[in-house]
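Down below is the structure, laid out as structure tokens.
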Amino acid sequence: MSSKIPVGVVTGKDLVALLEDARNRGYAIPAVNCTSSCTVNAVLEAASKSKSPIMIQVSNGGGTYYLGKGIKDPNASAAGSVALAYHVRAVASYYGVPVVLHSDHCAKKLLPWFDAMLAADKEYYDKFGEPLFSSHMLDLSEETDEENIDICVKYFKKMSAMDIWLEMEIGITGGEEDGVNNEDVDPEKLYTTPEQVWAVYQALSPISPMFSIAAAFGNVHGVYKPGNVVLSPEKLGKHQAYAKQKLGCVEDKPLFLVMHGGSGSTASEIATAVSNGVVKMNIDTDTQWAFWDGIRGFESSNREYLQAQIGNPKGKDKPNKKFYDPRVWLRKGQESMCKRVMDSCEKLSAVGTFEPRFGQGAPQIAEKGGKKELNVISVAVGCLAIGVAVGMAIAKK
């Protein structure tokens with residue numbers, strides 16, 4: 001990979017260069033949903049150890065959780081998503097690899113959340129010359145193709161002015177995620193046609209080249225019994241061939257494609273998808289399980305030390321603090337999640353694609369003297385302004 005791609009959060013031309021590198025060299029970047037600083041750090045650790053770029057995603061529900069489930073406020077999902085973004089920007093560069101900061105599925109009913117994040121992006125862009133997030137996803141697959149594309153065009157014009165990447169979905173991913181339930185959808189709708197993909201390209205490419213398409217090929221959110229899900233990643237190759245023929249270009253893979261429902265997919269299915277131009281794969285369910293499994297294993301092995309603050313097999317007066325300290329058992333969850341993300345890096349052929357550059361760590365939050373560094377006053381003022389913008393964006397709805 002080009003040494004010109006910086007470490008830490010990448011946006012604009014750096015993001016384009018990163019995704020072009022993935023497409024040209026035949027690897028894809030794991031995109032992992034995170035709900036806490038603990039899970040963010042586990043994912044960043046995995047990327048650094050794998051010598052791989054990584055994508056940190058936040059969903060609408062994840063943003064609400066990040067803010068705190070005890071807060072009942074219409075701005076909760078946006079405020080939490082922005083808070084997660086600031087956390088990633090504060091720590092990402094210390095891990096020595098490129099990081100894409102992304103928001104996940106946004107259905108039509110969740111557009112106020114999307115508007116609020118764009119308001120935060122605008123505030124950040126006006127101050128620092130780049131958006132807060134690298135990219136955002138619109139999932140309007142529940143709507144007609146015409147409305148889906150029309151809404152994407154409307155938003156993409158706003159996003160392109162800030163150099164924000166758009167990921168859109170055409171066709172339907174099965175299963176259930178973040179309140180969108182497609183478990184009983186018509187199976188035929190789980191397979192996007194080349195014509196549908198080309199319609200998206202025709203609508204978005206005149207605006208900016210910074211977009212990717214989540215074309216359905218039987219994908220399902222979650223993990224289901226083997227045989228219940230039939231993936232056809234070879235269909236992605238047909239989308240690329242159709243676009244190549246329409247464009248009359250030399251490039252065999254002119255489209256940036258993404259894969260949803262990566263949890264539970266086989267290594268061969270993933271490899272076929274990547275070979276057909278997938279540059280990003282979502283993973284959530286498997287990493288959720290991995291985090292829990294690490295904690296479950298620790299509890300199982302140390303159960304007798306976790307029943308009281310004092311008293312264990314070594315003596316009734318022996319303290320147990322070193323076992324119930326959250327930094328101990330949460331770390332076990334992190335370690336297990338880290339291993340699972342590293343497994344995804346391997347399956348996506350991303351391992352070793354970026355040699356980590358350490359010693360360049362600095363919070364990517366404020367500009368001063370041409371060097372990105374943490375400026376507490378700027379951060380405080382920026383957070384206040386973004387909070388006001390978020391509230392105003394939602395109040396207008």
Side-chain angles (χ1 to χ4, degrees), residues 1-6 10-32 47 50-57 97-102 134-137 156 160 163-171 192 194 197-198 200-202 204-205 207-217 219 231 233-260 262 265 267-283 344-355:
M1 181 186 294
S2 171
S3 60
K4 294 182 180 179
I5 297 176
V10 294
T11 63
K13 67 180 187 304
D14 293 324
L15 175 56
V16 173
L18 174 61
L19 295 179
E20 285 180 341
D21 186 73
R23 185 177 61 180
N24 295 339
R25 293 171 60 189
Y27 69 89
I29 304 171
V32 188
S50 295
K51 300 182 179 181
S52 166
I54 199 72
M55 294 194 183
I56 301 289
Q57 296 188 157
V97 296
V99 178
V100 181
L101 185 50
H102 180 71
S134 309
S135 57
H136 295 292
M137 186 207 173
F156 195 33
S160 65
D163 296 324
I164 303 173
W165 189 281
L166 169 67
E167 177 186 329
M168 69 85 66
E169 182 165 336
I170 191 81
T192 307
V197 173
W198 177 244
V200 172
Y201 186 90
Q202 283 184 302
L204 298 183
S205 59
I207 302 171
S208 166
M210 293 182 62
F211 67 93
S212 52
I213 303 170
F217 53 94
N219 320 62
L231 292 181
E234 67 280 357
K235 290 182 180 292
L236 300 179
K238 295 180 180 180
H239 303 329
Q240 297 283 15
Y242 189 86
K244 178 181 178 179
Q245 183 264 321
K246 286 289 188 179
L247 291 168
C249 63
V250 176
E251 172 62 58
D252 287 331
K253 293 179 285 188
L255 306 172
F256 288 103
L257 299 177
V258 301
M259 176 179 176
H260 290 178
S265 300
S268 63
E269 289 168 339
I270 292 172
T272 300
V274 173
S275 70
N276 285 311
V278 163
V279 295
K280 171 209 179 198
M281 183 184 80
N282 287 9
I283 178 171
S344 284
C345 290
E346 182 73 38
K347 290 178 179 176
L348 292 168
S349 300
V351 174
T353 55
F354 191 94
E355 189 65 35

Side chain to side chain, [X] and [Y], heavy atoms closer than 4.5 Å:
X      : Y      : answer
Glu167 : His260 : yes
Val351 : Tyr27  : no
Gln240 : Pro254 : yes
Asp21  : Phe354 : no
Leu231 : Phe217 : yes
Val100 : Ser135 : yes
Val279 : Ile29  : no
Ser212 : Lys280 : no

Please round to the nearest 0.5 Å and tell me the distance separating atom [atom1] of [X] and atom [atom2] of [Y].
X      : Y      : atom1 : atom2 : value
Glu251 : Asn24  : CD    : CG    : 6.0 Å
Ile283 : Leu348 : CD1   : CG    : 8.5 Å
Ile5   : Lys13  : CD1   : NZ    : 11.0 Å
Glu355 : Ser52  : CD    : OG    : 12.0 Å
Asn282 : His102 : CG    : NE2   : 6.5 Å
Gln57  : His136 : CD    : NE2   : 12.0 Å

Stepwise, does the side chain to side chain contact (heavy atoms under 4.5 Å, CB included) test hold for Trp198 with Leu247? CA-CA 10 Å; Trp198 177 244; Leu247 291 168; 3.7 Å; yes

Using the side chain to side chain contact (heavy atoms under 4.5 Å, CB included) rule, take Met137 and Val258 through it: C-alpha gap first, then chi angles, then the decisive distance, then the call. CA-CA 11 Å; Met137 186 207 173; Val258 301; over 6 Å; no

Under the salt bridge (Lys or Arg N to Asp or Glu O under 4.0 Å) rule, collect the residues that match up with Lys253, sequence neighbours excluded.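 Partners of Lys253 under the salt bridge (Lys or Arg N to Asp or Glu O under 4.0 Å) test: none.
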
Could you walk me through whether Phe256 and Glu20 satisfy the side chain to side chain contact (heavy atoms under 4.5 Å, CB included) test, starting with their C-alpha distance in whole Å, then the side-chain angles of each, then the deciding distance to 0.1 Å, before giving a yes or no? CA-CA 8 Å; Phe256 288 103; Glu20 285 180 341; 3.8 Å; yes

Minimum heavy-atom distance [X]-[Y], with the two atoms named:
X      : Y      : answer
Ser134 : Leu15  : O-CD2, 3.7 Å
Val10  : Pro98  : CG1-CB, 4.1 Å
Trp165 : Pro209 : CH2-O, 4.1 Å
Ser275 : Thr272 : OG-O, 2.7 Å
Pro30  : Pro53  : CD-O, 4.1 Å
Phe156 : Leu204 : CE2-O, 3.6 Å

Within 6.0 angstrom of Lys244 NZ, more than 12 heavy atoms from elsewhere: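 Yes.
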
Side chain to side chain contact (heavy atoms under 4.5 Å, CB included) between Met168 and Ile213: does it pass, once the steps are laid out? CA-CA 5 Å; Met168 69 85 66; Ile213 303 170; 4.2 Å; yes

Could you tell me whether a side-chain N or O of Ser208 sits under 3.5 Å from a main-chain N or O of Met210, the two making a donor and an acceptor?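 Flag set: sc Ser208 to bb Met210 pair under 3.5 Å.
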
So, does Thr192 use its side chain to make a donor-acceptor pair with the main chain of Ile170 at under 3.5 Å?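 Indeed, once roles are kept as given, a pair shorter than 3.5 Å links the two residues.
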
